[in-house]
Amino acid sequence: DTEVTQTPKHLVMGMTNKKSLKCEQHMGHRAMYWYKQKAKKPPELMFVYSYEKLSINESVPSRFSPECPNSSLLNLHLHALQPEDSALYLCASSTEDSYQPQHFGDGTRLSIL
Amino acid sequence: SQKIEQNSEALNIQEGKTATLTCNYTNYSPAYLQWYRQDPGRGPVFLLLIRENEKEKRKERLKVTFDTTLKQSLFHITASQPADSATYLCALGGGADGLTFGKGTHLIIQP
């Protein structure tokens, strides 16, 4: 079991739906991340939160809206997604310090119909 | 922009042999580099981190080297086992910057 918990594990949604992905960690980490991973590709960084503030947005379309309600939780709100947004969405956390690894959840497998 | 490359998409190794994976980077002088393992349907799992002033780092059957002159890291698994079969990712960055991953090497250990 990983120390970063993501729900749901699988999500199928239509292009007009609104849904949210959730991520939770209780390791006291103050940096949290969203990555997108397409099949047979490496994870690609989407967003970074540092001390509950958005610090990096890698030019992600506005149909993806991140939120960090507190230091343990990270959400990714989805609206009007496109079929090409189907992917594995990974959450990770780490301390703010350099020279520290990131801890990943097992992701949400998202399929857009 | 920084670029990180893993030259082998796939690598087949006989059980018991040493697997060696390569990671090269350009346009960057990293203070450290990380290696992760990813199994199908799972998130990446951290294996080793090596700093620029460390030539070599070991953990059980794993060994990582870091050559800042060649801009290259090598990842070795000695006495390989079928359970070592997975995708191995090298990564730059970290802390508040997020990680940039190489494309990964799919390692298959054949019994």
Side-chain angles (χ1 to χ4, degrees), chain A residues 1-6 9-10 21 23 25 27 29-60 66 74 87-110, chain B residues 1-10 21 23-25 28-54 57 59 62 64 66 75 86-108:
Chain A
D1 289 342
T2 63
E3 296 169 294
V4 175
T5 303
Q6 290 188 243
K9 292 190 186 303
H10 302 276
L21 310 184
C23 174
Q25 58 89 12
M27 293 177 281
H29 292 164
R30 302 310 296 270
M32 295 186 76
Y33 314 82
W34 282 114
Y35 291 83
K36 174 182 178 179
Q37 186 174 26
K38 301 283 277 185
K40 300 192 184 302
K41 299 288 187 184
E44 291 184 347
L45 184 67
M46 300 174 72
F47 302 104
V48 179
Y49 270 84
S50 178
Y51 289 90
E52 294 99 70
K53 297 260 189 292
L54 183 64
S55 61
I56 294 179
N57 175 341
E58 292 285 2
S59 303
V60 179
L74 187 65
L88 180 68
Y89 288 85
L90 293 161
C91 173
S93 71
S94 74
T95 67
E96 268 281 300
D97 308 322
S98 297
Y99 305 101
Q100 296 298 321
Q102 291 189 9
H103 298 254
F104 285 82
D106 282 334
T108 294
R109 175 73 61 189
L110 177 65
Chain B
S1 60
Q2 68 186 57
K3 194 171 179 184
I4 184 166
E5 291 180 343
Q6 292 182 252
N7 295 335
S8 298
E9 283 194 16
L21 285 61
C23 178
N24 296 289
Y25 59 90
Y28 197 59
S29 294
Y32 58 99
L33 184 146
Q34 303 183 45
W35 284 88
Y36 289 77
R37 167 181 173 148
Q38 188 173 24
D39 290 283
R42 306 295 299 273
V45 174
F46 170 74
L47 296 175
L48 284 167
L49 181 151
I50 186 164
R51 303 184 182 209
E52 61 179 338
N53 61 350
E54 296 175 317
K57 198 90 171 271
K59 178 183 174 184
L62 309 180
V64 172
F66 195 12
F75 177 81
T87 295
Y88 290 86
L89 299 156
C90 64
L92 294 175
D97 294 333
L99 293 173
T100 299
F101 287 95
K103 290 183 178 179
T105 295
H106 182 48
L107 178 65
I108 300 169

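Bear in mind that the values here come from a model prediction, so they are computed numbers and not experimental data.
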Decide if atom NZ of B:Lys57 counts as having more than 12 heavy atoms of other residues, nucleotides or ligands within a radius under 6.0 Å.
->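 Result for NZ/B:Lys57: enclosed.
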Take atom CD in B:Glu54; do more than 12 heavy atoms of anything else shown fall under 6.0 Å from it?
->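 Yes.
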Is a donor on one side and an acceptor on the other found under 3.5 Å between the side chain of B:Tyr36 and the backbone of A:Gln102?
->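 Yes; judged by distance alone, with no hydrogens or angles, the pair exists.
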Do any N or O atoms from the side chain of A:Asp106 and from the backbone of B:Gly43 form a donor-acceptor pair under 3.5 angstrom?
->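 Checked: pair present.
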Under 4.5 Å heavy-atom distance to chain B, tell me which part of A:Gln100 shows up: side chain, backbone, both or neither.
->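 Backbone only.
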Mind listing the side-chain donor-acceptor pairs of residues 37-48 of chain A below 3.5 Å, one per line with the distance, residues two or more places apart or on another chain?
residue	atom	partner	partner atom	Å
A:Gln37	OE1	B:Gln38	NE2	2.8
A:Gln37	NE2	A:Lys41	O	2.8
A:Gln37	NE2	B:Gln38	OE1	2.9
A:Lys38	NZ	A:Glu84	O	2.9
A:Lys38	NZ	A:Ser86	O	3.0

How far does CG of B:Leu99 sit from OH of A:Tyr35, to the nearest 0.5 angstrom?
->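 If I round to the nearest 0.5 Å, the distance is 4.0 Å.
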Top of B:Asp97, B:Leu48, B:Thr87 for chain A proximity - count of heavy-atom pairs under 4.5 angstrom |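 Looking at each option in turn, the highest pair count goes to B:Asp97.
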Which atom names give the shortest non-hydrogen contact between B:Ala31 and A:Tyr99, and what distance separates them?
->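 For B:Ala31 versus A:Tyr99, the nearest heavy atoms are CB-OH, 3.6 Å.
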